[in-house]
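By convention in this document, chain letters (A, B, ...) are assigned in the order of the sequence lines, proteins followed by strands, and residues within each chain are numbered from 1. These values consider heavy atoms only, across backbone and side chains, with no hydrogens, waters or symmetry-generated copies.
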Amino acid sequence: MKRAHLHLEQALTSALHEIGVTEAKVILERPRDPEHGDIATNAAMVNAKGANMQPRKLAETILEKLKVDSSLIVPVGVAGPGFINFRFADHYLQSIATLAVEQASAFGQSETLKGQRVQIEFVSANPTGPLNVVSARAAAVGDSLSRIFRLLGAQCDREFYVNDAGNQVELLGQSYFCRYLETQGIAAEIPEGGYRGEYIAEIARKLAADKDSEELRKAIKIVDKPWKANVFGESVISWLGRRAMDEFISRHERSLEHFRVHMERWFRESELREAKAEWNALTELEKRGAIFQQEGAKFVRTSEYGDGQDWVVVTSQGRPTYFLPDIAYHLTKFRRGYDLIIDILGPDHHSYLTKMGAAMSALGEDAKKLEILLLQHINLLRDGEPVKMSKRAGQIIEMDELVEEVGVDAARYFFLMRKTTTPLDFDIELAKRHSDDNPVFYVQYAHARIESIFRRAGIEEPSESSHVELLTHPEELKLLRRLRELTDVCAECATTRDPHAMTVWLREVATQFHRFYHHCRVIGDSAELQAARLTLCRATQVALRTGLDLCGVSAPKEM
RNA sequence: ACCCCCGUAGCUCAGUGGAUAGAGCACCGGCCUCCGGAGCCGGGAGCAUGGGUUCGAGUCCCGUCGGGGGUGCCA
């Protein structure tokens, strides 16, 4: 799909050669104002010195020497300080419609990232409660990004890192136990730093109704201090902690699958710990001289590898900080051979990039492969009024609640509508509204409307001999230009690591389709023109469906 | 104290170093005997501020002001 650009670039280079510029610099750009054409080049300005000519004069000379295939590109002249402008040939644009229909779901695919192995880690919420809306944004962004990377030919794995080890298991077990005791009519105080969410009480009530509850009741009775009880051969606290975590992990998986997000791997911290991976990482760091002791604690010399300070990896009590297993975990990513490793984290982890990057450098890895994407927070609104959320009081809005209320389509689309670097205002009432101020429905409506045109025409597929050369109306050509942009937009999303541009493009395609629809009658008296326009309609549908699918949003045939 | 993100139209936001800075919402006025009016057409206003780099800066660098978030052997 890039053939027009490639062709023009080569033609400009050889024209410059002919003029006598040996080291020709050719950059193609897109004029901001469509009046200036589809492609512009500043070649005459940049190469003016090399040619020893005034920019405008050089531009004229280039145009004289330039040989371009007029079925692809048409020069429109010199403008401003020396820009040379070009337009896509109608023939080229018309061929896009045919191409899209032929390629169908493969439209937009490319091999730009072929051979690249990419890993994206996202959500990775602690298994101490249900997923909340913050995770939902990460899920939408991470999953769409991976879909885009795949369309561009990369292999991309999605991964969830499960923090199922460390003292939060204990803490969760204690909180769970307290709630369980309450169901047995025994008063209990949730410990400092414990989990107070209603969802713990919920699973405790479930447990009380479970057959394992019998065993638990017996165990509690024999000991005077219920905390010291053992059940199924281990302490009641750790048994409960693991049980609660497993429950939450499978709930996370269900929530994500329902949100159309499938993780290739759920990487458990407990596996790392069992293999002593954190201590192996420490040994490796020590071997490389990257560890020093101070006041009984062990520090990693991250400051020597680009971070602002050194960080504790083992406390003076001899316990690893969370950073050590994290290092071990990231080391596995590098050792698994990925070319690009992306972590999507919340804005509170902004120290992570230099810190983890430095640790990886200290271990001899190429830290440039690791990228940390800091996803900004979301503010939930209802008709413009903020929805109060307090994690401490356990009043979080669950991802499932939000998705149930607004639907997967609206939720995923809304989460992508802002750049990842911008905090997102999510208005629940707006997302639910089926009206023209809701962008999701605007885009989906365009797709459904096309389907209805085919129904109305009584035709399933556009005919093969579909005279696309008849697509010459300005609105038709503008629509074709939009469809051509799909590969550009995908490439942009991949480079910026942000699917947001896809939602902007989708809206533009939908807008241009509605304009075309208004100005050009599809079902008409000329069979040839009808065939050509049906082809354009199908091509638009293909493009919309691809874009929506990359966002994880459905493309309905009727609404 | 330090660190990160952000200041563009009344509101929410686009804007790969290039030409006269764009959309949506809201507001006003038009358009259905016509393929889905969940649509189309028309109408106004703006780059927080001071420097610097450049032939050229909303975009890159430094300062100031304003908003949001975070941090000091907790995860």
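As rounded to the nearest Å, G15(B) and U71(B) have P atoms that lie 29 Å from one another. Taking atom P on both nucleotides, C55(B) is separated from A48(B) by 25 Å, rounded to a whole Å. Look at the P atom in both C65(B) and G17(B): the space between them is 29 Å, to the nearest Å. Separation of the C1' atoms belonging to G44(B) and G51(B) is 33 Å when rounded to the nearest angstrom. C47(B) and C60(B) have their C1' atoms separated by 16 Å, given to the nearest Å. When the P atom is compared between G24(B) and G36(B), the two are found 24 Å apart, to the nearest whole Å. A distance of about 14 Å separates the P atoms of U64(B) and C4(B), rounded to the whole Å. Using P as the reference atom, U8(B) and G52(B) are 24 Å apart when rounded to the nearest Å.
Between the CH2 atom of Trp311(A) and the P atom of A75(B) there is a distance of 13 Å, rounded to whole Å. A straight line from CZ of Phe323(A) to C1' of C73(B) spans 13 Å, rounded to a whole angstrom. In this structure, Gln309(A) atom CD and A1(B) atom P are separated by 18 Å, rounded to whole Å. Look at CG on Asn379(A): it is 11 Å from C1' on G69(B), rounded to the nearest Å. Straight-line distance from the OH atom of Tyr442(A) to the P atom of A23(B): 12 Å, rounded to whole Å. One interatomic measurement links the two molecules: NE2 of His447(A) to P of A38(B), which rounds to 19 Å at whole-angstrom precision. Here G24(B) presents its P atom at 15 Å from CG of Leu430(A), a figure rounded to the nearest Å. Rounded to whole angstrom, the span from the NZ atom of Lys355(A) across to the C1' atom of G72(B) amounts to 11 Å.
For an aromatic pair to be called close, the ring centres must be under 6.0 Å apart, and Phe513(A) with His447(A) fails this. Aromatic ring centres of Phe516(A) and His473(A): separated by at least 6.0 Å. Aromatic pair Tyr329(A)/Phe267(A): ring centres closer than 6.0 Å. Aromatic ring centres of Phe426(A) and Phe415(A): separated by under 6.0 Å.
Nucleic acid contact class of Ala40(A) (heavy atoms, under 4.0 Å, all strands): base. Across all strands shown, Asn85(A) has heavy atoms under 4.0 Å from base atoms, whether or not it also approaches the sugar-phosphate. Looking at heavy-atom distances under 4.0 Å, Gln317(A) makes no contact with the nucleic acid at all. The residue Cys520(A) sits close to a base: some heavy atom pair falls under 4.0 Å. Residue Thr321(A) is classed as a sugar-phosphate contact, given heavy-atom separations below 4.0 Å to backbone atoms only. Looking at heavy-atom distances under 4.0 Å, Arg521(A) makes contact with a base.
Across all strands shown, U20(B) forms no Watson-Crick or G-U wobble pair with both distances under 3.5 Å. For C2(B), the paired base is G70(B) (Watson-Crick or G-U wobble, both distances below 3.5 Å). Pairing for G63(B) goes to U49(B), judged as Watson-Crick or G-U wobble with the two contacts each under 3.5 Å. As the counterpart of C40(B), G30(B) is assigned, both hydrogen-bonding distances of the Watson-Crick or G-U wobble pattern falling under 3.5 Å. Base pairing of A57(B) is not made with any nucleotide, judged by Watson-Crick or G-U wobble geometry with both donor-acceptor distances under 3.5 Å.
Of the candidates C35(B), C73(B), C5(B), the closest approach to any side-chain atom of Gln376(A) belongs to C5(B). Of the candidates A75(B), C35(B), A19(B), A75(B) carries the atom nearest the Gln168(A) side chain, counting heavy atoms from C-beta on. Comparing G39(B), C73(B), A19(B) by their closest approach to the side chain of Ala79(A) singles out A19(B).
Aromatic stacking is marked for His36(A) over A19(B), as both cut-offs hold: 5.5 Å for the centres and 30° for the planes.
The closest side-chain heavy-atom distance from Lys333(A) to Asp343(A) is below 4.5 Å. Two residues are said to be in side-chain contact when any heavy atoms from C-beta on lie closer than 4.5 Å; Cys551(A) and His500(A) fail this criterion. Residues Leu12(A) and Leu28(A) are in side-chain contact: their nearest non-hydrogen atoms beyond the backbone lie under 4.5 Å apart.
In this structure, C32(B) is classed as syn because its glycosidic torsion stays within 90° of zero.
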Requested in this report: Would you mind building the protein contact string for nucleotides 11-18 of chain B? One character per nucleotide, 5' to 3', B for base within reach (heavy atoms under 4.0 Å), S for sugar-phosphate only, - for untouched.
Outcome: -SSSSB-B
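Contact between the side-chain N/O atoms of Tyr517(A) and the OP1/OP2 oxygens of C34(B) is not found at any separation under 4.0 Å. Applying the 4.0 Å criterion to OP1 and OP2 of G36(B), one finds that Ser452(A) has a side-chain N or O inside that range. Using a 4.0 Å cut-off, no side-chain N or O of Arg507(A) falls inside it from OP1 or OP2 of G24(B).
With the nearest nucleotide of RNA chain B identified for both Arg456(A) and Thr511(A), Arg456(A) has the one nearer the 5' end. The 5' end of RNA chain B is approached more closely, in terms of each residue's nearest nucleotide, by Ile453(A) than by the other of Ile453(A) and Arg319(A).
For Ile249(A) against Val162(A), the heavy-atom pair with the smallest separation is CD1-CG1, 3.5 Å.
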Query - Worked check of side-chain hydrogen bond (donor to acceptor under 3.5 Å, both in side chains) between Arg533(A) and Gln530(A) - result: CA-CA 5 Å; Arg533(A) 288 185 167 158; Gln530(A) 172 176 316; over 6 Å; no
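Within 3.5 Å, a donor on the side chain of Tyr322(A) pairs with an acceptor on the base of A75(B), or the reverse.
Between the side chains of Gln168(A) and Asn163(A), not a single donor N or O lies within less than 3.5 Å of an accepting N or O. Tyr305(A) and Thr354(A) are not linked by any side-chain donor-acceptor pair at a separation below 3.5 angstrom, with hydrogens and angles left out of the test.
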